[in-house]
Amino acid sequence: MTATTVPTRTVDADGNPISGSTEGVARYDRAVDLLLRYHPDVVGAVEGLATADDPLPMGQAFVAYLYLTSTDVPDVAGAREAAAALDALPLNERETAHAAAIDAWLDGRWDTAARTLDDLLVRWPTDTLALQIGHILDFFVGDAGNLRDRIGRSLPSLDPDSSRTGFVRGLQSFGLEESGHYEQAESVGLEAVGRNPDDVWGIHAVVHTYEMQGRIDEGIRFLRARESDWGSGNLFTTHNWWHLALYLLEAGRVDEALAIYDAEVHNDESARVSLAMLDGSALLWRLTLDDVDTGDRYAKLARAWESQIADEPWYVFNDFHAVVALCGAGRIDDARAVIERLARDVDAAPVEPGTNRAMTAEVGLPASRAVLAYVEGRHDDVVGDLLPIRRVVNRFGGSHAQRDLVQRTLTESAIRSGRLDLARALLDERISLRDTSVYGLLGRARVLSARGDTDAAHAAEEAARANRARFGAAAS
Ligand SMILES: [Fe+2]
């Protein structure tokens, strides 16, 4: 009997070395294209990549990455299984580099995983999967510089006419925005979205530029005009809806923001995915800081977080948002238990300190303690926890917009503890960057009023009212 020979390919669609059958590599290429679009079919496509009778190392790597990028503790086991399958296959140099990045991540060395993908991309700058996963890792560890530069290093090597390069420009736009290059970020992002209207990450990058510059009316119009491109049918809908809800809060449309929360951010049918639930915590907490009644939403959200709260330390950015939900729900003992676990994580002495341990020690633990102190009315303690870390909050991951709830908590507690000079400074700092900030101007008015400067307080209130009216008109 003669053994049949399976046709093989030696390079993928990016032109990089890959091991596998012609059919397997074609499936891999298709899965990469789906991931760039956050298309829901990517999950099934990736599951189908690593079949026993058609071993495809990059398929196993893709499976591991997909589990890891969920940041959910229960998904780590799936990533470990795929990594073991990957390690058992004969690998070329590029696949070996991916295996090393995955092993580092599984060891809790998120930073090392990111550096390994940096090195890989120096050698194979057109590796789209490495760019995409590396970008997400940079986001998870709050590395704004590398969100921008990882893409900048590779772009000149990419085919300018490829649709994939359009998506990579979407990644670049977000990196530019997180690094404060708002004009360039907007122009690159709009170009990316113009090339690929279903580039939901590129849309998101543009949305961030409007958020950070206080161009709320433009942001509302931008999202509304493109709702059919991002509002459903992709794995990134929750987060973009969350951004629209933030805009609406600035426009004073609390009921509409809550309607978005109920329909799109979190409800009884929502999947228990940390990356989505943390948007829920972040939206409700903004309302808590404004003393808005959020009904039973915290209670439901806190119950959803239960399945993600593990004894095993993994990603403190999620733990922090679970603490927010527990505190908002009044489940103080449960919040305290999570915080005590975080403290134990910091005090433990592993052979090699992991990235998450450093993130917990530096930001996650004090930020979580501050949230608990806030709901207990201990505003001096909030200031004591947050003031020393306010310039390094990026180190526990996420975006400026996501981490803003930490800065807002500090500002609110500064006001409530009577530290008006500090509150004024924090608000002035914000307004100096976005002079249309309704939140900032209303805060300034409160501080001025508390100091007895009623004329100046009135002027700040009027400015806030005018901006809010303009934003509200965009929402109508
Ligand atoms: Fe965002």
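As the structure lists them, so they are numbered: ligands from 1, and atoms in each ligand from 1. If you're wondering where the values come from, they're calculated on a predicted model, not measured in any experiment.
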(request) Please list, chain by chain and in numerical order, all residues satisfying ring-ring contact (aromatic ring centres under 6.0 Å, His included) with F222, sequence neighbours excluded. (result)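 F222 satisfies ring-ring contact (aromatic ring centres under 6.0 Å, His included) with Y210 only.
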
(message) Per the ring-ring contact (aromatic ring centres under 6.0 Å, His included) rule, what does the pair list look like for residues 249-301, sequence neighbours excluded?
(response)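 Listed once each, the pairs are W285-Y374.
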
(request) Mind listing the protein N/O/S atoms less than 2.8 Å away from the Fe ion (ligand 1)? Waters don't count. (result)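 Near the Fe ion (ligand 1), below 2.8 Å, one finds H204 NE2, H208 NE2, H239 NE2, H243 NE2.
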
(message) Testing the 3.5 Å rule here: is there a donor-acceptor pair between the side chains of W305 and S281?
(response)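 A donor-acceptor contact under 3.5 Å links the two side chains.
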
(request) Go through the steps for F139 and H135 under the test ring pair (Phe, Tyr, Trp, His ring centres under 6.0 Å), then give the verdict. (result) CA-CA 6 Å; F139 171 70; H135 191 69; 8.2 Å; no

(request) Let me know which of H243, E186, Q213 forms a side chain to side chain donor-acceptor pair (under 3.5 Å) with H208. (result)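 The residue from H243, E186, Q213 that satisfies side chain to side chain donor-acceptor pair (under 3.5 Å) with H208 turns out to be H243.
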
(request) Would you please name every residue forming a side chain to side chain contact (heavy atoms under 4.5 Å, CB included) with Y65, sequence neighbours left out? (result)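 Y65 satisfies side chain to side chain contact (heavy atoms under 4.5 Å, CB included) with A61, H98, A101, I102, W105, L117, L129, I133 once adjacent residues are dropped.
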
